Amino acid sequence: MDSSPCLHFILFVLLILIKPPTSLCANDSRYTSCGTEFACKSLRYIKYPFWGGNRPEFCGKPGYKLDCVNETTVISIKSLNYSVIDVDYRSHFIKVARMDYLGNICHPSILQNTTIDFALFNYTSGTQNLTLGYGCPLHHPGDADLDYPCTINNTRTNIVVNPSIECSQTISIPVFDNVVSDLHLGRIKLGHALDRGFTLQWYVESELCKNCILSNGSCGIDDYKSFICYCRDGSSSQLGCGIRPGIFACHVYLHYFLNIC
Ligand SMILES: *[C@@H]1O[C@H](CO)[C@@H](O)[C@H](O)[C@H]1NC(C)=O
Ligand SMILES: *[C@@H]1O[C@H](CO)[C@@H](O)[C@H](O)[C@H]1NC(C)=O
Ligand SMILES: *[C@@H]1O[C@H](CO)[C@@H](O)[C@H](O)[C@H]1NC(C)=O
Ligand SMILES: *[C@@H]1O[C@H](CO)[C@@H](O)[C@H](O)[C@H]1NC(C)=O
Ligand SMILES: *[C@@H]1O[C@H](CO)[C@@H](O)[C@H](O)[C@H]1NC(C)=O
Ligand SMILES: *[C@@H]1O[C@H](CO)[C@@H](O)[C@H](O)[C@H]1NC(C)=O
Ligand SMILES: *[C@@H]1O[C@H](CO)[C@@H](O)[C@H](O)[C@H]1NC(C)=O
Ligand SMILES: *[C@@H]1O[C@H](CO)[C@@H](O)[C@H](O)[C@H]1NC(C)=O
């Protein structure tokens, strides 16, 4: 039996009238992949904009790749590795600590300032720079109580906090305000101060991902690295997974009558 030409005409008009979703016949494996969470030890429920582990690259944005190394979640920012202590989706904060300093303040592999990528992250309020001086004179004026003794190459030396003296190298590392006051009050040692880390806020595309999740989609990026919402039926759109009758009809038309998808 021939399908009626009228039906074809109506569907043709529908096709050109409605704006089709970005990819009508996309594979819904992207919806499934991006619906899975990144989990590493006690950190769980991590999704967009992060990817890595069992979340493929199209499930997150460049620069937000996570690794699970030896039960530690690791993110690399400007070629330094940070351990991720916490991820807070309500405020879009991640709490990180420099891995080269974890329990190892005397012997970082290279002395390097903390620099973040401001296109991806911002510092949050309540954070300040702590300056550490390496190779400073052993005896100096100022608050020597804060000096942290190290033995490097069998030579006794100090790491000086916020040095007002000449040191061979200085580096700055962000810490929480209360860590600085705890240091000054002698409540913690420098060696533990950096382990507490600092928070960064990640970039949020207004409401796009929120709307996607509310419409039961999975957030990810398209081939042009822009935000996209992957839907259960294999379609995708920036705006979410609204069931639009026009698109549904079009999908059915392509699928059953033309056998395209
Ligand atoms: C969907 O994609 C997966 C992996 O990319 C592939 O194995 C599978 O065959 C695809 N399915 C269809 C219907 O294209
Ligand atoms: C993993 O961590 C354990 C305990 O901290 C350590 O003994 C081990 O060497 C680490 N393994 C790797 C591959 O880093
Ligand atoms: C960062 O960690 C990765 C593995 O997760 C490692 O290959 C790389 O060498 C590390 N980079 C630095 C600067 O330590
Ligand atoms: C620390 O100093 C760097 C470079 O001077 C600056 O970019 C950064 O914003 C400072 N961090 C904080 C938390 O103030
Ligand atoms: C320690 O000694 C080694 C070998 O003599 C040298 O390469 C290294 O630079 C020294 N480290 C410091 C911090 O002086
Ligand atoms: C860190 O930055 C300060 C200025 O912000 C600079 O004086 C210092 O040399 C830098 N340290 C390193 C190791 O690059
Ligand atoms: C950082 O803050 C500035 C000013 O508030 C804002 O314009 C920028 O988009 C923020 N960057 C990120 C990555 O959120
Ligand atoms: C999302 O899925 C839930 C459970 O499967 C369902 O109750 C809800 O109506 C769906 N929401 C939308 C907007 O499709």
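Fair warning: this is a prediction, and the values are worked out from it, not measured in the lab. First listed ligand is number 1; within each ligand, the first listed atom is number 1.
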request  = Check if Val74 has a non-hydrogen atom at a distance under 4.0 Å from any atom of ligand 3.
outcome  = no
request  = State whether the shortest distance between N or O atoms of Gln169 and N or O atoms of ligand 6 falls below 3.5 angstrom.
outcome  = no
query = What are the atoms of ligand 8, with element, lying closer than 4.0 Å to any heavy atom of Leu214?
reply =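 What qualifies from ligand 8 is 13 (C).
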Nearest candidate to atom 3 (C) of ligand 3, where distance is taken over non-hydrogen atoms, out of Asp67, Asn81, Ile110 =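 Of the listed residues, Asn81 has the closest heavy atom.
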inquiry  = Using a 4.0 Å heavy-atom cut-off, which part of Ser76 comes near ligand 3: side chain, backbone, both, or neither?
reply    =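 Under 4.0 Å from ligand 3, Ser76 contributes no heavy atoms.
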note = Taking only non-hydrogen atoms of Ile171 and a 4.0 Å limit, the atoms of ligand 6 in range are 13 (C)
Those atoms of ligand 6 less than 4.0 Å from some heavy atom in Asn113 = 1 (C), 2 (O), 3 (C), 8 (C), 10 (C), 11 (N), 12 (C), 14 (O)
query = Within the side chain of Asn158, is there an N or O that forms a donor-acceptor pair under 3.5 Å with the backbone of Val160?
reply =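 Checked: no pair found.
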task = Please confirm whether the backbone N or O of Leu194 pairs with a side-chain atom of Arg98, one donor and one acceptor, at under 3.5 Å?
result =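 Judged by distance alone, no pair lies under 3.5 Å.
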request  = Measure the distance from atom 5 (O) of ligand 3 to every protein heavy atom, then report the residue, atom name and distance (to 0.1 Å) of the closest one.
outcome  =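 Checking every protein heavy atom, the shortest distance to atom 5 (O) of ligand 3 gives Val69 CG2, 3.7 Å.
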ask   = In the protein, which heavy atom is nearest to atom 7 (O) of ligand 6, and how far is it?
value =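 Scanning the protein heavy atoms, the shortest distance from atom 7 (O) of ligand 6 goes to Thr170 OG1, 4.0 Å.
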query = When the ring planes of Tyr101 and Tyr134 are compared, do they come out parallel, tilted or perpendicular, using 30° and 60° as the limits?
reply = tilted
Determine whether the side chains of [X] and [Y] contain a donor N or O and an acceptor N or O closer than 3.5 Å.
X      : Y      : value
Gln128 : Asp177 : yes
Asn113 : Thr115 : no
Arg30  : Ser236 : no

message = Looking at atom 9 (O) of ligand 3, tell me if a protein heavy atom falls under 4.0 Å from it.
response =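 Under 4.0 Å from atom 9 (O) of ligand 3, zero protein heavy atoms found.
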key: 4.0 Å protein heavy-atom contact status of atom 14 (O) of ligand 3, strictly under   = yes
query = Would the SG atoms of Cys59 and Cys219 measure under 2.5 Å apart?
reply =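 Disulfide absent: SG-SG distance not under 2.5 Å.
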inquiry  = Determine whether the interatomic SG-SG distance for Cys241 and Cys231 falls below 2.5 angstrom.
reply    =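 Yes.
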request  = Provide the number and element of each atom of ligand 3 under 4.0 Å from a heavy atom of Ser79.
outcome  = 13 (C)
